[in-house]
Amino acid sequence: MNIAGIVLAGGKSSRYGKPKMFELHQGIPFYLFSVNAFKNAGLEAIFISTNQQLASQFDQEVGSLLLENDEHNGPLFALSQAMKQLKDIEWFFVLAADIPYVTVEFVHTMLEVLKKNQPDIIMPITDEYVQPLHSIYNRSCLPIIEELLHSNKRSFMPLLDRVSIQKIRFPNDQMDFVNINKREDWNNE
Ligand SMILES: Nc1nc2c(ncn2[C@@H]2O[C@H](COP(=O)(O)OP(=O)(O)OP(=O)(O)O)[C@@H](O)[C@H]2O)c(=O)[nH]1
């Protein structure tokens, strides 16, 4: 399977107050949990999508950096940049960099779905919420994403109306989906 793991790690962290992808859980920066989940599930091509300002703070031995040509345009823009820069890749497994409880089992489950079925997107759903920052995208999404970005639409939702999606239901309390947005979300260690 021609697939890359893309860790989205170029956000502003404005609600958190400092770059949250470098906060520590068990002594390890958050972004490495996403990198390691990909790696331990057997993905060989792993990329960290970020901007020039944050770039030097990542360990480049764990994943190659993908630098955006225009920073802080949000995750949909970051995905389009990854698809444009990695021209030989067909599938893009996206994970945020603020999900310290993500597991290799989650990544493995998603990859097993991809082996059996190849829609445009494989997307988890918990409760009534889809999880676009834990999903697998086919390169076929790129023209629609570009069209949306050109009309200044930055949400994943309009994309979902226009492509084929396989939604995979996970338990509502599954820890893989817990993301850290504010300081109050992270006071344990
Ligand atoms: N590469 C890249 N990643 C992004 C961008 N915006 C958000 N992300 C990542 O996407 C994930 C979810 O981001 P959010 O928490 O919604 O946004 P944020 O900008 O990081 O934080 P806030 O400023 O508090 O909204 C995080 O892992 C971010 O690092 C972006 O413009 N480029």
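Below, each value reflects all heavy atoms present in this structure, side chains not excepted, and no hydrogens, waters or symmetry copies. Atoms within each ligand, like the ligands themselves, are counted from 1 in listed order.
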Which is closest to atom 10 (O) of ligand 1 in terms of heavy atoms, S13, G11, P75?
P75
Proximal candidate to atom 16 (O) of ligand 1 [heavy atom criterion; set E68, H72, R15, K182]:
R15
Top protein contact for [atom], by heavy-atom distance:
| atom | answer |
| --- | --- |
| atom 15 (O) of ligand 1 | K20 NZ, 2.6 Å |
| atom 1 (N) of ligand 1 | S49 OG, 2.8 Å |
| atom 3 (N) of ligand 1 | G10 N, 3.0 Å |
| atom 26 (C) of ligand 1 | L8 O, 3.8 Å |

Any nitrogen or oxygen of [X] lying under 3.5 Å from a nitrogen or oxygen in ligand 1? Just yes or no.
| X | result |
| --- | --- |
| A78 | no |
| M21 | no |
| Y16 | no |
| A96 | no |
| S14 | yes |

Proximity of N181 to ligand 1 by residue part, where a heavy atom lies under 4.0 Å:
side chain
Distance under 4.0 Å to a non-hydrogen atom of [X]: what atoms of ligand 1 satisfy this?
| X | value |
| --- | --- |
| L133 | 11 (C), 12 (C) |
| K12 | 18 (P), 19 (O), 20 (O), 23 (O) |
| G74 | 5 (C), 6 (N), 30 (C), 31 (O) |
| N73 | 31 (O) |

What do you reckon, are the aromatic ring centroids of [X] and [Y] less than 6.0 Å apart?
| X | Y | result |
| --- | --- | --- |
| F156 | Y137 | yes |
| Y16 | W186 | no |
| F170 | F106 | yes |
| F177 | Y101 | no |

Does any donor atom in the side chain of D176 or Q174 lie under 3.5 Å from an acceptor atom in the other side chain?
yes
With distance as the sole test, does N181 use its side chain to make a donor-acceptor pair with the main-chain N or O of R15 at under 3.5 Å?
no
Counting only N and O atoms by type, is there a donor-acceptor contact under 3.5 Å from the side chain of R154 to the main-chain atoms of F77?
no
State plainly whether the residues K153 and E147 are in salt-bridge range, i.e. N to O under 4.0 Å.
no
Gap separating the NE2 atom of H134 from the CG atom of L8, nearest 0.5 angstrom:
10.5 Å
Is it true that, when you exclude H72 itself, more than 12 heavy atoms of the residues, nucleotides or ligands shown sit nearer than 6.0 Å to its NE2?
yes
4.0 Å protein heavy-atom contact status of atom 6 (N) of ligand 1, strictly under
yes
Which residue is it: I6, L149, I145? I am looking for the one with a side-chain contact (heavy atoms from CB on, under 4.5 Å) to L79.
I145
